[in-house]
Student: 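Quick one: structure below, then a few questions.
Quick note: numbers below take in every heavy atom, side chains included, and nothing from hydrogens, waters or symmetry partners. For clarity, every value in this text was computed on a predicted model and none was experimentally measured.
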Amino acid sequence: MTPKPPSPAEVELCKRGDEALTRAFLVLGKRWSAVVLGCLRPAPAGFRELSRAIGGVSDSVLSDRLSELTEAGLVVRTVCEGPPVTVSYQLTERGDALMPALDQISRWAREHLPVESD
């Protein structure tokens, strides 16, 4: 018995889903993006705090990711006039709304992806 081909409506739903995932992973698919978001979950943090918390990310890449996440509306950058001048980053409402999905991805990875050994 051969499966019946999808209906035009089913094809359209699939296309829209693929387009949404493509948009999401243009931001989230870059290395360190989801990790940065996860580090900002508990509280706002400064650049150095994030760099120490993440470990292994270069300053230039961290700066790029923070800029991209800010541009995407997931993170807000706040400058507090000093002295000394301080900059902190925190999740926006949009970024916070993403946390349950990242929790699900993390749970899936723990259950289904092997742990890499050094």
Student: Go through Gln104 and Leu102 one step at a time and tell me if the side-chain contact (heavy atoms from CB on, under 4.5 Å) criterion holds.
Tutor: CA-CA 5 Å; Gln104 288 292 326; Leu102 291 181; over 6 Å; no
Student: Checking the side chain of Thr92 only, and the main-chain atoms of Gly73 only, is there a donor and an acceptor separated by less than 3.5 Å?
Tutor: yes
Student: Write down the atom of Ser33, the atom of Leu69, and the distance for their closest heavy-atom approach.
Tutor: O-CD1, 3.9 Å
Student: Check Ser51 against Asp59 and note the closest heavy-atom contact, atom names and distance.
Tutor: OG-OD1, 3.7 Å
Student: Just to verify, what does Asp96 make a side-chain hydrogen bond (donor to acceptor under 3.5 Å, both in side chains) with, not counting sequence neighbours?
Tutor: none
Student: So how far is it from Arg23 CZ to Leu28 CG, rounded to the nearest 0.5 Å?
Tutor: 12.0 Å
Student: Could you work out, with salt bridge (Lys or Arg N to Asp or Glu O under 4.0 Å) as the rule, every residue matching Glu68, not counting sequence neighbours?
Tutor: Lys30, Arg65
Student: Do Leu50 and Val57 come within less than 4.5 Å of each other through their side chains, counting heavy atoms only?
Tutor: no
Student: Just to verify, what does Arg110 make a side-chain hydrogen bond (donor to acceptor under 3.5 Å, both in side chains) with, not counting sequence neighbours?
Tutor: Ser106
Student: Assess whether atom CD of Glu111 is packed by more than 12 heavy atoms of other residues, nucleotides or ligands within 6.0 Å.
Tutor: yes
Student: State the OG1-CD distance between Thr78 and Gln90, to the nearest 0.5 angstrom.
Tutor: 5.5 Å
Student: Do Leu26 and Ile105 sit in one hydrophobic cluster, given that two such residues count as connected whenever their side-chain heavy atoms are within less than 4.5 Å of each other, even indirectly?
Tutor: no
Student: Please check if Leu74 and Met99 belong to a single hydrophobic cluster, counting links between Ile, Leu, Val, Met, Phe, Trp and Tyr side chain heavy atoms closer than 4.5 Å.
Tutor: yes
Student: Per the ring pair (Phe, Tyr, Trp, His ring centres under 6.0 Å) rule, what does the pair list look like for residues 62-109, sequence neighbours excluded?
Tutor: Trp108-His112
Student: Keeping to residues at least two apart or across chains, list the ring pair (Phe, Tyr, Trp, His ring centres under 6.0 Å) pairs with something in residues 22-56.
Tutor: none
Student: Under a 4.5 Å side-chain heavy-atom rule over Ile, Leu, Val, Met, Phe, Trp and Tyr, are Val87 and Ile54 clustered together?
Tutor: yes
Student: Can you tell if the side chain of Val61 reaches within under 4.5 Å of the side chain of Ser58, non-hydrogen atoms only?
Tutor: yes
Student: So do the side chains of Leu66 and Glu71 get within less than 4.5 Å of each other, counting heavy atoms only?
Tutor: no
Student: Between Val76 and Thr70, is a side-chain contact (heavy atoms from CB on, under 4.5 Å) present by the stated rule, with each step listed?
Tutor: CA-CA 6 Å; Val76 65; Thr70 299; over 6 Å; no
Student: For Asp103, what residues pass the salt bridge (Lys or Arg N to Asp or Glu O under 4.0 Å) criterion, not counting sequence neighbours?
Tutor: Arg41
Student: When rounded to the nearest 0.5 angstrom, what distance separates CG in Leu40 from CD in Glu49?
Tutor: 9.5 Å
